Amino acid sequence: MNEWLGRLRSAWDRLSARERLLVSGVGGLFGLLVVLLGIVNPLLSASERARERARAADQELSAVVRMRGELDEIQGRLAAVERRIQEGPRREIFTTLETLAGQSGVKVDSMEPQTAPSSEEYKETKVQVVLRGVSLAQLANYLFRIESSPQLLSIKSLRVRTRPDASEMLDVNFSVSSFEEV
């Protein structure tokens with residue numbers, strides 16, 4: 001290493017003042033270039049990457065906060081449904097549907113039990129209801145009474161068709177589920 005420094009020293013000594021100024025300027029520019037490319041540029045790149053990561057983290061945090069709000073809302077609705085199941089009256093779904101039909105002025109053509117998936121916490125009772133020749137007002141009244149019944153009843157599917165012989169009358173098929181704790 002000393003040999004190299006010695007050679008550089010002797011070469012420097014042989015240069016004129018003007019050449020020394022030129023070599024010093026080039027050396028300074030080279031040193032500045034090394035500092036810029038070796039230190040400043042990597043620091044700026046690291047800073048930009050950190051800002052991008054911070055922006056991405058902020059976006060993820062916003063998404064998590066939004067999802068937390070949605071989860072809280074869903075859990076609140078689930079708790080309300082579970083309260084209705086626990087506190088609601090325990091009546092036979094067929095009897096309840098017949099009573100509500102009478103209050104709505106609807107005659108039920110048929111009610112058939114359907115298989116329902118089982119759960120560890122709740123038992124679902126599902127009934128297929130068929131109505132023939134009902135008006136739209138009667139149907140709306142009956143469905144409203146089912147949905148607002150103190151017993152938790154849920155309409156799962158609904159198929160409405162106009163009658164070929166009387167277009168103002170409807171034939172309706174729908175399924176209703178009731179839930180109780182196991």
Side-chain angles (χ1 to χ4, degrees), residues 30-101 103-104 106 108 110-131 134-162 170-182:
F30 181 73
L32 183 63
L33 184 64
V34 167
V35 168
L36 284 175
L37 293 178
I39 297 172
V40 175
N41 201 21
L43 286 176
L44 290 175
S45 296
S47 174
E48 182 60 29
R49 285 192 305 272
R51 276 193 290 275
E52 287 175 15
R53 284 195 308 269
R55 272 187 241 118
D58 284 343
Q59 289 175 346
E60 289 174 4
L61 179 62
S62 298
V64 167
V65 167
R66 181 179 39 79
M67 285 189 247
R68 177 60 193 203
E70 291 172 4
L71 177 64
D72 289 344
E73 178 197 347
I74 290 169
Q75 286 178 331
R77 289 189 344 224
L78 178 62
V81 168
E82 287 178 338
R83 249 190 328 278
R84 274 189 72 193
I85 291 171
Q86 294 166 356
E87 297 170 0
R90 307 263 187 265
R91 294 188 296 204
E92 182 65 35
I93 188 171
F94 292 99
T95 307
T96 302
L97 290 173
E98 280 290 342
T99 303
L100 295 174
Q103 293 171 355
S104 303
V106 173
V108 175
S110 69
M111 277 194 260
E112 296 177 20
Q114 301 287 311
T115 59
S118 61
S119 165
E120 293 178 10
E121 297 177 25
Y122 299 101
K123 175 186 166 205
E124 180 180 3
T125 305
K126 196 171 185 180
V127 176
Q128 183 72 29
V129 180
V130 177
L131 307 175
V134 296
S135 69
L136 182 59
Q138 289 173 317
L139 175 62
N141 187 9
Y142 187 37
L143 295 176
F144 175 77
R145 288 179 187 271
I146 290 171
E147 285 288 325
S148 58
S149 169
Q151 182 178 357
L152 181 64
L153 300 175
S154 176
I155 298 170
K156 296 292 187 174
S157 66
L158 176 66
R159 187 175 63 196
V160 180
R161 285 186 275 173
T162 58
L170 306 170
D171 288 341
V172 183
N173 291 351
F174 61 94
S175 61
V176 179
S177 291
S178 173
F179 302 90
E180 59 187 62
E181 286 184 289
V182 175

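Residue numbers start at 1 and run along the sequence shown. As the structure is a prediction and not an experimental result, all values here were calculated from the model. The analysis underlying the following values was restricted to heavy atoms, covering all of them including side chains, and did not include hydrogens, waters or symmetry mates.
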Quick one: salt bridge (charged side-chain N to carboxylate O under 4.0 Å, His left out) pairs with a partner in residues 141-159, sequence neighbours left out?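 For residues 141-159, and leaving out neighbouring residues, there are no salt bridge (charged side-chain N to carboxylate O under 4.0 Å, His left out) pairs at all.
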Excluding sequence neighbours, so at least two apart, what forms side-chain contact (heavy atoms from CB on, under 4.5 Å) with [X]?
X: Thr95; result: Glu92, Thr99
X: Gln138; result: Val106, Val134, Ser135
X: Ala63; result: Arg66, Met67
X: Asp58; result: none

Residue pair [X] / [Y]: nearest heavy atoms and the distance that separates them:
X: Ile146; Y: Leu153; result: O-CB, 3.7 Å
X: Val127; Y: Gln114; result: C-CG, 4.3 Å
X: Ser175; Y: Gln128; result: CB-OE1, 3.6 Å
X: Ala101; Y: Tyr142; result: N-CE1, 3.2 Å
X: Leu131; Y: Val108; result: CD2-CA, 3.8 Å

Between Glu70 and Arg77, is the closest basic N to carboxylate O distance under 4.0 Å?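 Answer for the salt bridge query: no.
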If I take atom [atom1] from residue [X] and atom [atom2] from residue [Y], how far apart are they, to the nearest 0.5 angstrom?
X: Leu100; Y: Ile93; atom1: CG; atom2: CD1; result: 10.0 Å
X: Arg84; Y: Gln151; atom1: CZ; atom2: CD; result: 9.5 Å
X: Gln103; Y: Asn141; atom1: CD; atom2: CG; result: 9.0 Å

Under the side chain to side chain contact (heavy atoms under 4.5 Å, CB included) rule, what do Val130 and Val172 come out as? Steps first, then yes or no, please. CA-CA 6 Å; Val130 177; Val172 183; over 6 Å; no
Taking C-beta and beyond as the side chain, do Gln75 and Asp72 meet within less than 4.5 Å on heavy atoms?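 Of all side-chain heavy-atom pairs linking Asp72 with Gln75, at least one is under 4.5 Å.
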Does any non-hydrogen side-chain atom of Glu82 lie less than 4.5 Å from one of Tyr122?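 Tyr122 reaches Glu82 side chain to side chain.
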Under a 3.5 Å cutoff, is there a donor and acceptor pairing between the side chains of Ser177 and Ser154?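 Side-chain D/A pair, Ser177 to Ser154: absent.
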Counting only heavy atoms not in Arg55, do more than 12 fall under 6.0 Å of its CZ?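 Count over threshold, so yes.
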Scan the side chains in residues 35-47 for donor-acceptor partners under 3.5 Å anywhere in the protein, sequence neighbours excluded, and list what turns up.
unit_1: Ser45; atom_1: OG; unit_2: Asn41; atom_2: O; d: 3.1
unit_1: Ser47; atom_1: OG; unit_2: Arg51; atom_2: NH1; d: 2.9

